[in-house]
Amino acid sequence: MKHNKTLKEGTSVKLKSAKIAAGLDIGISAKNAQAVANRLQRLLSDEQILYAKTRNYHWNVEGANFMEMHKFYEGLYTELAEVIDQIAERIRKIGHYAQGRLEDFLKQTNLLEGEYTNDQNIQLSNLLSDHEVIIRSLRKDVDDFGNEYKDAGSADFVTGLLKMHEQWAWFCRSYIAK
């Protein structure tokens, strides 16, 4: 189930009505900053769902290589926590407020929460799929932010995130390889 809408109307009024901060003149039109902020909100939602899923897998993995996978997942969710903070701060840097409610994240995400599993192959396949969804979305964001919205800073920012997700996807893919 994909959610490509903006924030739920009742909960988003304050966020969506927030104007570019007074005196903010950073070379991006208010319309373009709003469009970029909306896309970053969706990305923030995806990252939050991926973080929660990775943390769940960290807690519930089982198998002969438990400790290795437990530490692997811990490394991933620790890095994702930093990414989440950076995305929220990027939204603030372009003059908007970052969403922070789980309800809003679930409405905007492109990812599925998924069922509980302690099978590490299923866990890794789910994480790989999520990273690939985010990678495809980030590729579009890189182009759109730079070309359509004239926001080179945000384009550069999401390029860095793209590289991180490519690496994490490679890690997951390498564990799955037989």
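Remember, it's a predicted structure, so these values are computed and weren't measured experimentally. All values below were derived from every heavy atom in this structure, side-chain atoms included, with hydrogens, water molecules and symmetry-related copies excluded.
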Exercise. Check whether any side-chain N or O of Lys53 sits under 3.5 Å from a backbone N or O of Leu112 as a donor-acceptor pair, and report yes or no.
Key: yes
Exercise. For the residue pair Ile94 and Ser154, establish whether any side-chain heavy-atom pair is separated by less than 4.5 Å.
Key: yes
Quiz item: Should Ile28 and Tyr149 be marked as a side chain to side chain contact (heavy atoms under 4.5 Å, CB included) after you check the CA-CA gap, both sets of side-chain angles, and the distance that decides it?
Solution: CA-CA 8 Å; Ile28 305 167; Tyr149 302 123; 5.9 Å; no
Quiz item: Shortest non-hydrogen contact from Asn60 to Asn118?
Solution: O-CB, 2.9 Å
Quiz item: Does any non-hydrogen side-chain atom of Leu138 lie less than 4.5 Å from one of Met164?
Solution: no
Quiz item: Can you tell if the side chain of Gln120 reaches within under 4.5 Å of the side chain of Phe66, non-hydrogen atoms only?
Solution: no
Practice problem: Quick one: sort the His58 and His70 rings into parallel, tilted or perpendicular, breaks at 30° and 60°. | Solution: parallel
Quiz item: Is Arg55 reaching over with its side chain to a backbone N or O of Trp59, donor-acceptor style, under 3.5 angstrom?
Solution: no
Do any side-chain atoms of residues 73-81 form donor-acceptor pairs under 3.5 angstrom with protein atoms, and if so which ones, sequence neighbours left out?
| from | atom 1 | to | atom 2 | distance (Å) |
| --- | --- | --- | --- | --- |
| Tyr73 | OH | Gln123 | OE1 | 2.9 |
| Thr78 | OG1 | Glu74 | O | 2.7 |
| Glu79 | OE1 | Trp168 | NE1 | 2.9 |

Practice problem: Kindly say whether Trp170 contributes a backbone atom to a donor-acceptor pair with the side chain of Ser174 at under 3.5 angstrom? | Solution: yes
Quiz item: With Gln108, which of Glu103, Gln99, Gln41, Gln48 fulfils side-chain hydrogen bond (donor to acceptor under 3.5 Å, both in side chains)?
Solution: Gln99
Quiz item: Just wondering, do Ile84 and Ile87 contact through their side chains at under 4.5 Å, heavy atoms?
Solution: no
Quiz item: Checking side-chain hydrogen bond (donor to acceptor under 3.5 Å, both in side chains) for the pair Arg39/Ser137: CA distance, chi angles, key distance, verdict?
Solution: CA-CA 10 Å; Arg39 297 272 284 272; Ser137 182; over 6 Å; no
Self-check item: With sequence neighbours excluded, residues passing salt bridge (charged side-chain N to carboxylate O under 4.0 Å, His left out) with Glu132
Solution: Arg173
Quiz item: If we only count heavy atoms from C-beta on, is the Asp104 to Lys107 side-chain gap below 4.5 Å?
Solution: no
Quiz item: Can you list every pair that meets salt bridge (charged side-chain N to carboxylate O under 4.0 Å, His left out) and has a residue in residues 145-169, with sequence neighbours left out?
Solution: Arg90-Asp151, Arg139-Glu166
Self-check item: Value rounded to 0.5 Å, distance of CG in Leu161 from CG in Leu40
Solution: 9.0 Å
Practice problem: Please check if the distance between the ring centroids of Phe157 and Phe145 is under 6.0 Å. | Solution: no
